[in-house]
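One structure is given below, encoded as structure tokens.
This one's a predicted model, so the numbers in the text were calculated from it and none came from an experiment. Side chains are part of it too, since the values below use all heavy atoms of this structure and drop only hydrogens, waters and symmetry mates.
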Amino acid sequence: MMSEQEAFAVAPLALAYLGDAVWELAVREALILKGERQPNQLHHQALDYVKAVNQAERIRRMSERLTEREMSVFKRGRNAKSHSMPKSARMADYRHSTGLEALLGYLYLAGDQVRMKEILHLLLAEVE
């Protein structure tokens with residue numbers, strides 16, 4: 001764990017790298033808690049949550065609930081220049097999903113588990 005200021009200083013794509021893992025784990029946990037137990041079904045259902053287009057839609061729906069600092073981290077992630085992009089994603093969706101992942105990575109590194117869980121709860125509301 002690092003201080004909030006140290007976490008804020010981490011490069012946005014590095015935050016997104018970590019945030020991708022946070023998001024994946026949260027999705028998997030939510031699906032299992034929902035009652036799904038078959039690995040093949042878990043995998044197919046999880047894909048719906050980790051696709052860039054769906055991540056982008058989720059963050060767009062709840063972005064007004066972000067603090068100024070969180071929005072700043074999101075925008076830094078969204079605006080970061082990545083050298084790769086999935087063929088199945090539109091650029092705008094991919095950038096929004098990268099911003100979401102950067103935000104989750106930032107909250108994780110800063111040790112703000114309470115806020116991270118609040119945001120994950122909002123993002124995963126229809127799973128539960």
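Across all their heavy atoms, R115 and T67 have their closest contact at NH2-N, 4.2 Å. Considering every non-hydrogen atom in both A46 and L31, the closest pair reads N-CD1, 3.5 Å. Annotation for A102 and G77: closest pair CB-CA, 3.8 Å, computed over non-hydrogen atoms. Residues S97 and Q55 share a closest heavy-atom pair of CB-OE1, 3.1 Å.
In this structure a side-chain-to-backbone donor-acceptor pair under 3.5 Å is present from R37 to I32. Between the D93 side chain and the A56 main chain, no donor and acceptor come within less than 3.5 Å of each other. Side chain of S72 to main chain of E68: no donor-acceptor pair is present (N/O by atom type, distance under 3.5 Å, no hydrogens or angles). Under a 3.5 Å cut-off, the side chain of H43 and the backbone N or O of P39 do not form any donor-acceptor pair.
Shown here are the side-chain hydrogen bond (donor to acceptor under 3.5 Å, both in side chains) partners of H44, two or more places apart in sequence or in another chain: N40. Take Q41 and apply the side-chain hydrogen bond (donor to acceptor under 3.5 Å, both in side chains) test, not counting sequence neighbours, and it matches no residue. By the side-chain hydrogen bond (donor to acceptor under 3.5 Å, both in side chains) test, E24 is found to be paired with R28, residues two or more places apart in sequence or in another chain being considered. For R65, there are no side-chain hydrogen bond (donor to acceptor under 3.5 Å, both in side chains) partners two or more places apart in sequence or in a different chain.
At a threshold of 4.5 Å between non-hydrogen side-chain atoms, the residues L18 and V10 do not count as touching. Using a 4.5 Å cut-off on side-chain heavy atoms (C-beta onward), Y108 and Q113 make contact. For the pair I59/L66, a side-chain contact is recorded, criterion being any heavy-atom separation below 4.5 Å from C-beta on. Side-chain contact between L107 and V22 is absent, with no heavy atoms from C-beta onward closer than 4.5 Å.
How far CG of L103 is from CD of E70: 5.5 Å, rounded to the nearest 0.5 Å. In this structure, CZ in F74 is found 11.0 Å from CG in L104, a value given to the nearest 0.5 Å. Rounding to the nearest 0.5 angstrom, the gap separating the CZ atom in R78 from the OG atom in S63 is 9.5 Å.
Taking hydrophobic clusters as Ile, Leu, Val, Met, Phe, Trp and Tyr residues chained together by side-chain heavy-atom distances below 4.5 Å, V27 shares a cluster with L47. Using a 4.5 Å cut-off between side-chain heavy atoms of Ile, Leu, Val, Met, Phe, Trp and Tyr, with links allowed through other members, M116 and L122 fall into the same hydrophobic cluster. One hydrophobic cluster, built from ILVMFWY side chains closer than 4.5 Å, holds both W23 and M62.
For residues 5-21, every residue pair satisfying the side-chain hydrogen bond (donor to acceptor under 3.5 Å, both in side chains) rule, not counting sequence neighbours, is listed here: S3-E6, Q5-R69. Residue pairs meeting the salt bridge (Lys or Arg N to Asp or Glu O under 4.0 Å) criterion with at least one member in residues 97-112: none, sequence neighbours excluded.
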Show the numbers, then the answer: is there a side chain to side chain contact (heavy atoms under 4.5 Å, CB included) between R95 and R90? CA-CA 9 Å; R95 288 185 181 242; R90 291 183 358 195; over 6 Å; no
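A cation-pi geometry, defined here as NZ or CZ lying under 6.0 Å from the six-membered ring centre and within 45° of its normal, does not hold between R58 and Y49.
More than 12 heavy-atom neighbours from other residues, nucleotides or ligands sit within 6.0 angstrom of CZ on F8. The environment of CD in E64 is crowded: more than 12 heavy-atom neighbours from other residues, nucleotides or ligands sit within 6.0 Å.
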